[in-house]
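Since the structure comes first, as structure tokens, the remarks are kept for the end.
The sequence lines fix the lettering, A, B, ..., with proteins before strands; numbering per chain opens at 1.
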Amino acid sequence: SPKQRGRKRNRNCRRHALYVDFSDVNWNDWIVAPPGYQAYYCHGDCPFPLADHLNSTNHAIVQTLVNSVNTNIPKACCVPTELSAISMLYLDEHDKVVLKNYQEMVVEGCGCR
Amino acid sequence: ERSHASLIPEEGKSRAPTGLPAAAHRQSHELLRDFETTLLHMFGLQRRPRPSRSAVVPQYLLDLYRLQSGEAEEAGAASATAGPHDAGFEYPERSTSRANTVRGFHHEEHLEQLPLEGSAAGESSSPSFRFLFNLSSIPEEELLSTAELRIYRERVDEEEEETGGDEDLHRINVYEILKAPHASQLITRLLDTRLVRHNSTRWESFDVSPAVLRWTRERLPNHGLAVEVLHVGGASSPHQGRHVRVSRSLHQKPGEDWGQLRPLLVTFGHDGKGHPLTRRAKR
């Protein structure tokens with residue numbers, strides 16, 4: 001049924017929202033901006049056969065295939081396949097203001113690897 | 001307490017969660033401490049920063065952040081909120097295209113002497129101001145590409161303005177101090193110079209890269225920078241020393257924030273990790 005199909009699709013590997021709020025760990029006294037950011041995370045199944053949009057590697061396809069006949073071998077993992085940077089403005093240990101670009105802070109895409 | 005709280009609960013103030021043995025709680029505390037240390041190292045910090053009350057975030061770096069992160073575009077008419085600090089703000093495209101880290105430094109006033117009479121410009125009788133910047137917080141792995149000294153100048157009121165060709169012209173000279181044998185004598189070399197009219201309020205940016213690269217890359221002694229402001233109309237002009245804000249005490253108006261008007265040294269560098277600070281639109 002459409003309902004089941006929807007549920008099944010939602011269980012598959014995809015990107016989920018994850019907002020990191022710096023004030024939750026009381027870091028907002030030294031991080032000037034941003035107050036927090038949307039980091040996202042990857043979660044979900046990597047079922048056999050792997051769909052094209054799951055950005056799988058050849059190895060992930062082979063591993064998933066082996067898993068379908070031998071469950072001792074785990075399925076491929078749902079992981080970030082594309083990440084982007086964020087800039088942060090903060091005061092360092094010496095009270096100096098720093099604007100820095102940090103790579104691989106935001107998940108842009110997930111896939112089975 | 002909250003302002004200086006951290007990821008780690010204060011010793012003696014935290015209570016073990018109900019049912020959790022003391023050993024397990026200690027282990028959990030250590031785990032959190034390791035977790036925080038790992039995060040701080042990820043950000044390139046040795047320990048958790050504890051900003052002092054006197055810490056000032058320069059408006060220039062805030063503007064850079066907003067433009068770089070795309071926040072300014074999202075906010076819409078950024079110019080509508082532009083204050084005096086935004087005057088003449090231009091995104092340093094060339095400098096940021098090669099840098100992933102921008103650092104702001106205010107000069108160390110307590111290490112500087114009083115204005116030096118006519119020292120940087122030889123025979124000139126205009127005062128030169130010496131600025132010492134402590135750049136020791138720049139990590140060794142960070143390779144600087146450029147550095148600018150930003151100086152604020154404020155429009156001279158029209159009622160007081162004199163008419164005439166050169167009456168409103170000021171020359172700003174920025175020198176690197178190569179040696180400072182005596183307080184009243186400096187051996188300098190000119191880094192940048194500009195002729196400005198005192199009919200506008202804006203920040204002027206001077207290229208001081210050669211000096212800052214000598215101090216950081218070549219590890220040569222940092223004797224600071226000297227800034228000289230000459231009024232073309234002569235030292236006796238009523239405008240002499242009134243247009244360019246290089247000193248705390250000069251004509252400070254009530255409510256004026258010297259922390260936001262004082263000279264600012266900005267360094268652009270790259271630590272070899274990731275992409276430069278290219279300007280981007282907010283997703």
For [X], does the [atom1] atom have more than 12 heavy-atom neighbours from other residues, nucleotides or ligands under 6.0 Å away?
X: B:His41; atom1: NE2; value: yes
X: B:Glu140; atom1: CD; value: no
X: A:Asn58; atom1: CG; value: no

Which atoms form the tightest heavy-atom contact between [X] and [Y], and what is the distance?
X: A:Gln103; Y: B:Gly274; value: OE1-CA, 3.1 Å
X: B:Tyr65; Y: A:Ser87; value: CE1-O, 3.4 Å
X: B:Arg50; Y: A:Asp95; value: O-OD1, 4.2 Å
X: B:Leu64; Y: A:Leu99; value: CB-CD2, 3.8 Å

Checklist line | Distance (rounded to the nearest 0.5 Å) between B:Gln68 CD and A:Ile86 CD1 | finding: 10.5 Å
Notebook entry, point to check: Contact part of B:Val266 toward chain A, heavy-atom cut-off under 4.5 Å: side chain, backbone, both or neither?
Noted result: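 When you check distances to chain A, no heavy atom of B:Val266 falls under 4.5 Å.
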N/O donor-acceptor pair under 3.5 Å between [X] side chain and [Y] backbone:
X: A:Glu93; Y: B:Leu45; result: no
X: A:Tyr102; Y: B:Phe43; result: yes
X: A:Asn101; Y: B:Thr101; result: no

Note to self: Do A:Glu104 and B:Lys273 have side chains that approach each other closer than 4.5 Å (heavy atoms only, starting at C-beta)?
What the structure shows: no
Next item on the list: Report yes if some heavy atom in the side chain of B:Phe105 is under 4.5 Å from a heavy atom in the side chain of A:His94; otherwise report no.
Entry: no
Checklist line | Salt bridge present between A:Lys100 and B:Asp271 (N-O < 4.0 angstrom) | finding: yes
Notebook entry, point to check: Do the charged groups of A:Asp29 and B:Arg48 touch, with an N to O distance under 4.0 Å?
Noted result: yes
Item checked: A:Val32 portion near chain B, given a 4.5 angstrom heavy-atom threshold ->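 Side chain only.
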Checklist line | Greatest number of heavy atom pairs closer than 4.5 Å to chain A - which of B:Ala99, B:Ser136, B:Ala55 | finding: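 Most heavy-atom pairs under 4.5 Å with chain A: B:Ala55.
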Next item on the list: For the pair B:Ile138 and A:Lys96, evaluate side chain to side chain contact (heavy atoms under 4.5 Å, CB included) and give the outcome as yes or no after the intermediate values.
Entry: CA-CA 10 Å; B:Ile138 301 175; A:Lys96 306 289 184 202; over 6 Å; no
